[in-house]
Amino acid sequence: MKKIHPSEITPEHVYLSRRSFMKGTGAIALSSLIVAACRGNEIPSPASDLPDETAMPATGASPEATPQTTTLTDEFGDPLNVFEDITQYNNFYEFTTNKNAVADLAKDFITSPWVVQVGGLVNKPATFDLDDIQKKFSQEDRIYRLRCVEGWSMVIPWMGFPLASMLGEVEPLSDAKYVRFETLYDPEQMVGQNDLRYPWPYVEGLRLDEAMNGLTLLATGIYGKPLPPQSGAPVRLVVPWKYGFKSIKSIVKIDLVAEEPTSTWMAVAPQEYGFYANVNPDVPHPRWSQATEQRIRESGRRPTLLFNGYEEEVSYLYQGLDLQENY
Ligand code: MTE
């Protein structure tokens with residue numbers, strides 16, 4: 001099968017298929033198919049509440065309980081997950097560690113007005129509001145796979161723009177080597193931030209060349225509609241070749257920095273989470289293999305691909321780097 005580059009997927013392509021998507025998803029309430037997946041009382045992490053397979057919606061369900069799928073696929077020909085999959089099964093610890101409860105707890109989250117401050121080692125620090133984001137950066141549709149470190153994956157039609165366009169506006173200085181991202185800190189709205197076992201706000205980081213790669217997206221929507229709160233509204237990062245926890249949600253601050261930022265998961269469990277977090281079937285998590293994954297709504301497991309299938313686009317970033325050591 002011809003591999004279509006993810007950025008070749010046009011907005012029209014998504015729009016044309018949206019009608020069949022709407023028809024399919026209207027009829028089914030997915031939440032009844034999904035059960036809470038949290039385990040025990042250890043500190044939940046993107047990996048310690050690994051869901052068991054029965055917690056996932058699978059194609060083995062009865063026909064009337066299986067939403068129609070869209071006709072859209074990723075470049076490997078695999079179907080998109082439907083809107084309900086993407087928006088009812090979430091990791092967003094600022095609200096809760098229960099994936100099935102995020103949508104409900106986040107439903108009143110205020111995402112407008114909103115500003116993203118971009119600064120640090122740049123020539124022209126800037127503050128972008130939502131209007132600036134819509135007007136300055138042309139919004140594109142991108143179909144990407146999302147692979148969570150917990151061993152599940154989805155195919156998601158994002159809407160957004162390359163992070164590189166925003167970084168271009170602020171003009172990074174030559175000593176800027178990394179990009180550090182921060183989520184909103186607002187424990188009144190984000191009740192999970194009262195859980196003091198975690199350092200808040202949520203922080204993530206990329207090397208500057210990773211941030212400038214054409215696949216790295218600031219997403220503002222899914223299926224052509226604005227992001228719902230549980231998905232990281234109004235603007236989140238999407239780095240499709242890295243485990244999902246790198247794709248930080250509800251961003252308010254982006255700083256260009258000289259030193260490697262310490263991400264939230266590096267701070268919580270340094271022995272389990274490194275800075276790179278590239279999807280790699282040959283580098284097991286300390287507590288389990290990463291060789292396979294369960295695609296949501298599929299029965300059984302499929303092999304996990306190096307860099308989540310984006311090797312052609314990103315392997316140049318890691319020439320000469322030991323991927324076992326730099327996990
Ligand atoms: N960003 C913030 N601020 N807080 C989070 O808890 N969870 C991460 C990532 N971004 C998280 C976050 C994890 S572990 C994953 S797998 C993805 O978001 C999940 O994105 P989704 O809920 O849209 O599928």
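Given the structure is predicted, the values throughout are model-derived calculations rather than measurements. Order of listing sets the numbers, starting from 1, for every ligand and every atom in it. Note that these values count all heavy atoms, side chains included, but never hydrogens, waters or copies made by symmetry. Throughout, numbering of the chain's residues begins at 1 and tracks the sequence.
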Exercise. Taking the six-membered ring where the residue is Trp, are the ring centres of Trp265 and Phe275 under 6.0 Å apart?
Worked result: no

Exercise. Relative to the ring of Phe95, is the ring of Phe92 parallel (under 30°), tilted (30 to 60°) or perpendicular (over 60°)?
Worked result: perpendicular

For this session: Check whether the side chains of Thr264 and Glu204 place a donor and an acceptor atom closer than 3.5 Å, and report yes or no.
Result: no

For this session: Decide yes or no on ring-ring contact (aromatic ring centres under 6.0 Å, His included) for Tyr327 and Tyr273, but give the supporting numbers first.
Result: CA-CA 7 Å; Tyr327 56 87; Tyr273 301 104; 8.8 Å; no

Exercise. Listed by chain and number, what are the side chain to side chain donor-acceptor pair (under 3.5 Å) partners of Asn278, not counting sequence neighbours?
Worked result: Trp241, Lys242, Tyr318

Exercise. Considering only the protein, which heavy-atom contact is closest to atom 24 (O) of ligand 1, and what is its distance?
Worked result: Leu146 CD2, 3.5 Å

For this session: For ligand 1, find out whether one of its N or O atoms is nearer than 3.5 Å to an N or O atom of Trp158.
Result: no

Seminar exercise, completed: If you scan protein heavy atoms around atom 5 (C) of ligand 1, the nearest is Tyr202 CE1, 3.4 Å

Exercise. Is any N or O atom of Glu94, backbone or side chain, closer than 3.5 Å to an N or O atom of ligand 1?
Worked result: yes

Problem set entry | Cys148 versus Asn91, closest heavy-atom pair with distance | SG-ND2, 3.8 Å

Exercise. Do the numbers put Lys253 on top of the ring of Tyr185, so that NZ or CZ is under 6.0 Å from the six-membered ring centre and no more than 45° off the axis?
Worked result: no

Problem set entry | Among Ala219, Gly232, Gly244, Ala103, closest by any non-hydrogen atom to atom 9 (C) of ligand 1 | Gly244

Exercise. Considering only the protein, which heavy-atom contact is closest to atom 16 (S) of ligand 1, and what is its distance?
Worked result: Cys148 SG, 3.4 Å

Problem set entry | Enumerated ligand 1 atoms positioned under 4.0 Å from heavy atoms of Thr183 | 3 (N)

Exercise. When only distance counts, is Ser247 in polar contact with ligand 1, meaning an N/O pair under 3.5 Å?
Worked result: yes

For this session: Around atom 1 (N) of ligand 1, find the nearest protein heavy atom and jot down its residue, atom name and distance.
Result: Lys249 N, 3.1 Å

Exercise. Got the closest protein heavy atom to atom 6 (O) of ligand 1, with its distance?
Worked result: Tyr93 N, 2.7 Å

Exercise. Is it the side chain, the backbone, both or neither of Arg236 that has a heavy atom closer than 4.0 Å to ligand 1?
Worked result: side chain

Problem set entry | Partner set under salt bridge (Lys or Arg N to Asp or Glu O under 4.0 Å) for Arg236, not counting sequence neighbours | none

Problem set entry | Between Trp200 and Tyr202, ring centroids under 6.0 Å | no

For this session: Look at the rings of Phe161 and Phe137 and say which category their plane angle falls in: under 30° parallel, 30 to 60° tilted, over 60° perpendicular.
Result: parallel

Exercise. For Asn91, is at least one N or O under 3.5 Å away from an N or O on ligand 1?
Worked result: yes

Problem set entry | Under 4.0 Å to a heavy atom of Ile248 - the qualifying atoms of ligand 1, by number | 1 (N), 10 (N)

Exercise. Below 3.5 angstrom, do we get any N/O pair linking Asn90 and ligand 1?
Worked result: yes

Exercise. Would you say ligand 1 has an N or O under 3.5 Å from any N or O of Trp152?
Worked result: no

Exercise. Counting from 1, what ligand 1 atoms have a heavy atom of Phe92 closer than 4.0 Å?
Worked result: 2 (C), 3 (N), 4 (N), 5 (C), 6 (O)

